[in-house]
Protein chains: 2
Amino acid sequence: MSQRNTDVTAQVIQDQACPIVEVLDHVAGKWSIGVIVAAADGPIRFTELERAVNGISRRMLTLTLRKLERDGLLVRTVYPTVPPRVEYSLTDMARELHASLLTLTSWAERHRADIIAARAEYDEREDAELSTATA
Amino acid sequence: MSQRNTDVTAQVIQDQACPIVEVLDHVAGKWSIGVIVAAADGPIRFTELERAVNGISRRMLTLTLRKLERDGLLVRTVYPTVPPRVEYSLTDMARELHASLLTLTSWAERHRADIIAARAEYDEREDAELSTATA
DNA sequence: CTGGATCCGAGACGATACTG
DNA sequence: CAGTATCGTCTCGGATCCAG
């Protein structure tokens, strides 16, 4: 990490930053994927998202929504009604991303069982080695 | 998470044990993507990975490699030479994943500038609102 | 209904030192 | 070369309470 430039108006700290890995870390984060996929079918409300993304807390949903909105992936629309109504929808950029995410989720679904099996086998081998080491 | 309503949102991404979210969180984690992409061109050694994945520490590289190996995505081959030589290569399952990850990284590269711009605009609006609130 | 604010434990992560 | 062990820091993320 480069030290902060001490000279004038160094708001340029960000220009070199934001490597691809950073972008992906935001976008492919634990909750972001779920939110984007859930919002892909059209405008969706806060509570609907909370139910759609299994296991997310209200706090993390809020934070994830803010992050995605800040990155220009979500548009937040507030309807000044009582009770309040807020809808989130994907931007074009996010819609492009969604297509890629779908191939990811598809892969994950197809290989979920394989991964579980691989883990079991790995752990078993590990235990075996531990036994022989002890013996 | 007790009651499961019989109604909509059945197309949620995760719905059972070892949810897709878990899989994706492992596989699309901050460092995993970089490692998989770096290992896609063929067997690659530890130190080569360390240089290929920008910003990763030795510790995180080790942990990431173990995790991916455990999930059945990487094969670790040790050559009993002096000095030691260890090579990592993708499994077929991981090679499939790699294709999806390429579309992701491609998206990230294409929209990196857009995201930075969106952030700047968002932060600016935020500051403006703060000013009016103070005034 | 849609959040924000705060507290706090758990895990991620980097730096450093040591090993076969 | 390819790791492991330990430590301290920091962020993530849940729980809870409060508000428009």
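To find a chain, count down the sequence lines: A is the first, B the second, and so on, and within it residues start at 1. Atom set for the values below is all heavy atoms of this structure, side chains included, hydrogens, waters and symmetry mates excluded.
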Colleague: Might you work through the side-chain hydrogen bond (donor to acceptor under 3.5 Å, both in side chains) test for B/His26 and A/Arg119, ending with a clear yes or no?
Modeller: CA-CA 12 Å; B/His26 272 198; A/Arg119 273 183 208 172; 3.0 Å; yes
Colleague: Nearest whole angstrom, please: distance from the P of D/dG3 to the CD of B/Glu50.
Modeller: 10 Å
Colleague: In whole angstroms, how far is the P atom of C/dG20 from the CZ atom of B/Phe46?
Modeller: 18 Å
Colleague: How many whole angstroms separate atom CZ of B/Arg59 from atom P of C/dA17?
Modeller: 16 Å
Colleague: Look at the side-chain N and O atoms of B/Arg58 and state whether any lies under 4.0 Å from the OP1 or OP2 oxygen of D/dT4.
Modeller: no
Colleague: Name the residue closer to the 5' end of DNA chain C, choosing between A/Pro83 and A/Thr62 according to the nucleotide with the nearest heavy atom.
Modeller: A/Pro83
Colleague: Given C/dC13, D/dA2, D/dG20, identify the nucleotide with an atom nearest to the side chain of A/Pro84.
Modeller: D/dG20
Colleague: Where each residue is assigned the nucleotide of DNA chain C containing its nearest heavy atom, which of B/Leu63 and A/Arg76 is assigned the position nearer the 5′ end?
Modeller: A/Arg76
Colleague: Taking 4.0 Å as the cut-off, does a side-chain nitrogen or oxygen of A/Arg45 come that near to OP1 or OP2 on C/dC1?
Modeller: no
Colleague: Quick one: B/Lys30 NZ to C/dA12 P, roughly how many Å, whole number?
Modeller: 13 Å
Colleague: Can you confirm whether A/Thr105 sits close enough to A/Trp107 that some side-chain heavy atom of one is under 4.5 Å from a side-chain heavy atom of the other?
Modeller: no
Colleague: Between A/Glu69 and A/Lys67, does any NZ, NE, NH1 or NH2 come within less than 4.0 Å of an OD or OE carboxylate oxygen?
Modeller: no
Colleague: Could you tell me whether A/Tyr88 contacts a base, only the sugar-phosphate backbone, or nothing, with contacts defined as non-hydrogen atoms closer than 4.0 Å?
Modeller: sugar-phosphate
Colleague: What is the distance from CD of A/Glu22 to C1' of C/dA12, rounded to the nearest Å?
Modeller: 14 Å
Colleague: Which whole-number value in Å describes the distance from A/Met60 CE to C/dG4 C1'?
Modeller: 15 Å
Colleague: Nearest whole angstrom, please: distance from the P of C/dC13 to the CG of B/Leu65.
Modeller: 14 Å
Colleague: Looking at the side chain of A/Trp31, which of D/dG3, D/dG14, C/dG14 is the nearest nucleotide?
Modeller: D/dG14
Colleague: Among B/Arg76, B/Arg85, B/Arg58, B/Glu87, which one satisfies side chain to side chain contact (heavy atoms under 4.5 Å, CB included) with B/Phe46?
Modeller: B/Arg58
Colleague: Given atom CG of B/Leu49 and atom P of D/dA2, what is their separation to the nearest angstrom?
Modeller: 9 Å
Colleague: Going by atom types only, do B/Arg110 and B/Ser106 share a side-chain donor-acceptor pair under 3.5 Å?
Modeller: yes
Colleague: I want to check one thing: is the phosphate of D/dG13, taken as OP1 and OP2, less than 4.0 Å away from some side-chain N or O of A/Ser57?
Modeller: no
